[in-house]
Structures are given as structure tokens and as C-alpha cells.
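Presented below is the structure to which this report refers.
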Amino acid sequence: MDVEEAVQSICDSTASLSEGCRLPVRMTGTSDWPLAEIISIKELSDSTTWYYVHYVDFNKRLDEWVTEEYLDTRKVQFPRKDGLTTGQNTGVTTPKRIPPVGERSRPASPITSPDIVNGSAVLAAALQKKINRKRKAVSTENEDSQDVPSTPTPRQSGSMVTHHDDVVTRMKNVQLIELGSHRIKPWYFAPYPQELCTMTCIYICEFCLKYRKSRKCLERHIKKCNLRHPPGNEIYRKNTISFFEIDGRKNKSYAQNLCLLAKLFLDHKTLYYDTDPFLFYVMTEFDSRGFHIVGYFSKEKESTEDYNVACILTMPPYQRKGYGKLLIEFSYELSKFEGKTGSPEKPLSDLGLLSYRSYWAQTILEILILAKPTGDNEKPQITINEICELTSIKKEDVISTLQILNLINYYKGQYIICINKETIDQHRKAMEKRKIRIDSKCLHWTPKDWSKRSKW
């Protein structure tokens with residue numbers, strides 16, 4: 001009887017939960033119970049209550065809808081008016097500010113199935129209201145017309161777009177996309193038209209990237225779509241890998257669709273409308289049906305801070321296959337052709353930072369290992385500046401990489417680089433796994449002087 005009463009008291013306590021509360025939640029597919037914040041609460045027609053939770057200290061792509069059996073209501077931290085949280089245990093606070101409950105409240109709406117919670121009409125309506133305050137309403141009169149909002153918003157800095165951390169943009173609003181032969185579950189919010197977000201799946205043409213509400217609409221579009229590759233200049237081809245350069249001004253529709261697609265998998269940084277100042281480099285894989293998008297990176301035509309990448313993404317079906325490093329390697333190859341050092345725009349995503357650190361480490365180690373003694377010197381000598389010139393990696397990134405690898409030592413009044421046999425062996429094993437590399441002989445590209453505005 002005592003056990004039953006204990007269980008009942010825990011279950012009853014879910015009624016006091018509100019948006020902004022934090023409590024341990026069992027992460028789907030694991031036995032872990034990390035601390036999570038409740039972003040939204042919905043009661044379905046079958047009286048089942050669903051909670052949209054964000055796992056604190058975890059990436060937002062893991063956010064999900066869960067039912068009450070996934071919640072540990074014995075350790076709830078309730079939101080306070082001063083923006084902090086307090087738990088049922090005295091003195092429990094969190095370092096991250098939680099806005100008051102009033103800031104997160106939103107009207108409830110009936111939802112018929114947990115399968116369409118992510119793209120509910122309430123989310124879509126809230127998004128449309130938010131967008132209408134900033135730009136003209138999206139015209140979607142014809143299902144075969146282009147659906148990208150046409151009025152640009154001011155750029156913040158480079159490709160950064162500022163979002164208010166509200167309930168709309170914090171929640172995934174698209175369940176699935178179908179891109180070519182792949183069905184992909186998005187990671188983040190993206191401002192697709194509201195009527196599409198209520199659909200189970202958004203269908204995207206893999207060549208022009210226009211989106212449709214059903215497979216039948218997509219099939220009609222494909223019959224009229226003449227593209228079998230991105231609408232730009234092919235500047236690199238080796239075996240089945242090609243790179244296309246797309247001007248964000250000349251191919252605005254494609255660039256905007258690409259940014260919209262990328263926003264599903266990039267949280268911190270992307271651009272949607274003002275694509276004119278950017279170039280897009282799309283990597284594709286060729287087969288008998290055409291050139292299929294693998295990933296891309298964007299780059300400012302003029303960067304005052306020597307950024308050679310604004311946004312970079314490998315599509316989820318192609319991740320963990322070496323394509324991410326290939327994109328990074330290609331961006332530095334372009335910098336070599338320009339005779340400059342470059343660096344990616346910050347902040348990088350967690351996956352982007354891992355990829356860049358790995359690329360920097362492998363590239364710099366390769367230079368150091370292949371360095372040979374000159375003249376009467378017993379050991380090879382190379383400066384930081386020489387490493388920068390050989391790799392086009394910016395000086396700050398070279399130094400930070402050497403520090404992370406613990407290769408810099410202070411000896412007799414100067415800094416020296418020391419590499420042990422274990423580091424060399426680890427590097428060689430890592431390089432053996434990089435099956436695909438950029439061949440500079442296959443790059444046919446001439447840098448443009450974008451400082452002359454007429455060339456835009």
C-alpha cells in the first residue's frame with residue numbers, strides 16, 4: 001500500500017509541471033536521466049500529455065517529445081520570477097537563466113496525434129506572426145511556385161542571424177524531409193512555410209532544392225525541372241566528386257533554398273534571405289541520375305576578418321565518411337589559390353569544431369613530419385609563419401592546435417616543437433583512413449576581386 005501511494009504521489013505531481021521547469025528525464029534509447037528543461041506541454045485528444053524537453057548541457061538536436069513516464073518528478077526545479085530555478089530540494093539552482101513562466105506561456109491547441117506535434121498549427125501560426133513583424137508575408141498561392149520569402153532581412157555579421165530564444169524557434173517544427181533517395185529527420189527549427197510544417201514529411205527536389213507538400217507534387221515538379229546538378233559553375237571534378245560554385249546573387253532562389261535546408265541541421269549560424277554577398281560551394285556525388293548534394297559551405301565574397309567559410313554542412317546521410325574533412329580541405333585549397341590564410345567564422349557547431357580540430361591537427365602534423373633538415377642543422381626547422389603559408393591555416397588556429405596537441409615546449413629561451421613516435425604513429429593511422437583527398441590539379445578556378453562592386 002505504501003508503495004502504491006508513493007507511485008501515485010509521483011504521478012499526481014506532473015499536474016504542477018509548467019514550461020520552464022527542470023527535472024531529470026530519461027533520454028530515449030538510453031538508460032540515462034540527464035537534467036532537462038520543459039519547453040512546451042501538450043495534451044492530446046486521448047488525454048495523453050506530452051512534454052517537449054531540452055536536455056541541459058546537451059545539443060538541441062537531441063530535444064524530443066516524451067510522456068510523463070520519462071519524467072522524474074521527485075527532483076523538479078521550478079522557475080522563479082527572478083529568472084532562476086528552484087527545486088523541491090532547498091538551494092537547488094542552475095547557472096543558466098530561465099525566463100519567467102509568463103514569457104514562455106502560449107495558447108494550447110488540440111493535436112490529434114503525437115506524430116504531428118512537431119509541426120502543430122500553433123507553432124506554425126506563431127512563426128508566421130513572428131515573420132510578418134519583420135518581413136512581408138510569404139506568398140504560397142501556387143503549390144508549384146517558389147516558396148522562399150523574397151524580402152531580405154538585414155545581415156547581422158557575416159552569416160549570423162539572431163533569433164530570440166523563444167518557444168517557437170527552440171522547437172523542431174519539421175518531422176521529416178525526403179531528399180532524393182533519403183528520408184532524414186531534422187535536428188533543428190527551420191522557417192519553412194507554415195502549411196508544410198503540419199505535414200508528416202516535406203518533399204525536396206534534390207537538384208534545385210525546391211520543396212513540395214506531397215510526393216505527387218514533387219513528381220509533377222521533377223517532370224518540369226531541368227536541373228541535374230547545382231545551377232553554378234563546376235570548378236572541380238575527380239572521380240565521382242564534383243564541386244559547384246554558386247553566386248548568391250545570380251542564383252538567389254537556389255541559394256535561399258539551400259540555406260533553408262541547411263538550417264534544419266545547423267543551429268547557431270546560417271542565413272536565409274540576404275544571399276547576395278555570399279558564394280556557395282556545393283559538393284556532389286555523381287551517378288547515372290545526376291549530381292547529388294553531399295554537403296556545402298558558404299563564403300563571404302569580401303571578408304574583413306579573413307573568413308574562408310561562413311557556414312559548412314555535410315548532409316546527415318553522408319556524415320562519418322570523410323566528406324566533412326573534404327569540404328574543409330577544399331575551402332583551404334581555395335585560400336591557397338587566393339594566396340591567403342583563412343579561418344572558419346565562429347562560433348562553430350560542436351560537430352564542426354571537432355572536424356576542424358581534427359583537420360588542423362592532421363594537416364599540421366603532416367607538414368612537421370615531412371619537414372627535412374636544412375644545411376648543417378641536425379633537426380628540421382620550421383616557423384609558425386611557414387606552416388601558415390604551406391597550409392593557408394590562420395596563425396591563431398595553428399598555435400591553438402599545437403597547444404592542444406601539447407607539441408609546443410619552452411626550452412632555453414625559445415619555443416620548440418617536439419613530436420614523439422607515438423604521435424607520429426597515431427597520425428599515420430588517422431591518415432590511412434582518409435581515403436578521399438582534394439587533388440589541386442583537378443581544381444579549375446580563378447579568384448575574383450570582389451572589392452569592385454560592379455562584379456557582384
Side-chain angles (χ1 to χ4, degrees), residues 59-61 155-161 179 184 186-188 190 209 230 232 235-236 241-248 254-272 275 277-285 292-301 303 305-338 340-363 391-394 396-397 401 434 436-438 443 445:
N59 192 280
K60 279 170 60 179
R61 63 176 169 270
R155 286 188 303 131
Q156 303 298 321
S157 61
S159 62
M160 184 71 70
V161 171
L179 182 69
I184 312 169
W187 295 352
Y188 306 110
L209 303 185
I235 61 174
Y236 178 94
I241 298 296
S242 290
F243 278 85
F244 291 82
E245 182 183 61
I246 291 101
D247 188 321
Y254 180 89
Q256 289 176 336
N257 280 322
L258 177 60
C259 294
L260 202 52
L261 172 63
K263 183 62 190 78
L264 293 169
F265 308 103
L266 294 174
D267 183 31
H268 296 296
K269 189 174 60 173
T270 192
L271 59 105
Y272 311 133
T275 60
F278 291 87
L279 295 169
F280 298 82
Y281 296 89
V282 179
M283 180 167 66
T284 64
E285 198 169 52
H292 310 282
I293 182 170
V294 171
Y296 89 102
F297 66 89
S298 58
K299 175 182 178 180
E300 284 187 285
K301 293 173 181 175
S303 175
E305 300 183 54
D306 293 329
Y307 291 134
N308 63 357
V309 164
C311 298
I312 185 168
L313 171 70
T314 305
M315 296 299 294
Y318 297 95
Q319 291 179 359
R320 305 182 68 84
K321 296 181 180 180
Y323 290 116
K325 280 198 181 73
L326 201 67
L327 280 166
I328 296 172
E329 186 177 3
F330 190 79
S331 71
Y332 281 106
E333 199 63 42
L334 296 183
S335 294
K336 290 177 185 178
F337 270 61
E338 292 175 312
K340 300 177 181 178
T341 58
S343 183
E345 189 174 325
K346 314 301 188 299
L348 288 164
S349 67
D350 56 341
L351 297 179
L353 182 59
L354 288 173
S355 296
Y356 265 96
R357 281 182 175 169
S358 177
Y359 172 80
W360 289 332
Q362 291 178 5
T363 304
T391 63
S392 281
I393 299 174
K394 206 167 185 180
E396 292 81 356
D397 297 329
T401 301
R434 285 180 65 178
I436 48 176
R437 300 291 301 274
I438 294 297
L443 175 59
W445 180 73

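Because the structure is a prediction, the values reported are computed rather than measured. Below, each value reflects all heavy atoms present in this structure, side chains not excepted, and no hydrogens, waters or symmetry copies.
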Indicate yes or no: at least one non-hydrogen side-chain atom of [X] is less than 4.5 angstrom from one of [Y].
X: Met283; Y: Ser242; result: no
X: Thr341; Y: Ile393; result: no
X: Val282; Y: Ile246; result: yes
X: Cys259; Y: Lys263; result: no
X: Ser298; Y: Leu279; result: no
X: Val309; Y: Glu345; result: no
X: Thr401; Y: Arg357; result: no
X: Leu443; Y: Phe337; result: yes

### Query
Is the closest basic N to carboxylate O distance between Lys299 and Glu245 below 4.0 Å?
no
#### Entry: Salt bridge flag under 4.0 Å for residues Arg61 and Asp350
yes
### Task
Please lay out, stage by stage, how Lys394 and Glu305 fare under the test salt bridge (charged side-chain N to carboxylate O under 4.0 Å, His left out).
CA-CA 11 Å; Lys394 206 167 185 180; Glu305 300 183 54; over 6 Å; no
### Query
What distance separates Lys346 NZ from Leu353 CG, expressed to the nearest 0.5 Å?
9.5 Å
Show me the donor-acceptor pairs, under 3.5 Å and distance only, between side chains in residues 317-324 and residues at least two apart or in other chains.
| from | atom 1 | to | atom 2 | distance (Å) |
| --- | --- | --- | --- | --- |
| Gln319 | NE2 | Thr314 | O | 2.8 |
| Lys321 | NZ | Pro317 | O | 3.4 |
| Tyr323 | OH | Glu285 | OE2 | 2.6 |

### Query
Taking only residues two or more places apart in sequence or in another chain, which ones pass ring pair (Phe, Tyr, Trp, His ring centres under 6.0 Å) with Phe265?
Trp187
### Residue list, ring pair (Phe, Tyr, Trp, His ring centres under 6.0 Å) with Phe243, at least two apart or on another chain
Tyr236, Phe330
Minimum-distance pair of heavy atoms, taken over all atoms of [X] and [Y]:
X: Leu334; Y: Phe297; result: CD1-CZ, 4.0 Å
X: Cys311; Y: Tyr296; result: CB-OH, 3.7 Å
X: Asn308; Y: Ser335; result: ND2-OG, 3.2 Å
X: Leu264; Y: Ala190; result: CD2-CB, 3.4 Å

#### Entry: Parallel, tilted or perpendicular, as decided by the 30° and 60° cut-offs, for the rings of Tyr359 and Tyr332
parallel
### Query
Looking only at atom types and distance, does a side-chain atom of Thr363 sit under 3.5 Å from a main-chain N or O of Trp360, one as donor and one as acceptor?
no
### Query
Are Tyr254 and Asp247 close enough, and set up right, to give a side-chain hydrogen bond (donor to acceptor under 3.5 Å, both in side chains), and what steps lead you there?
CA-CA 10 Å; Tyr254 180 89; Asp247 188 321; over 6 Å; no
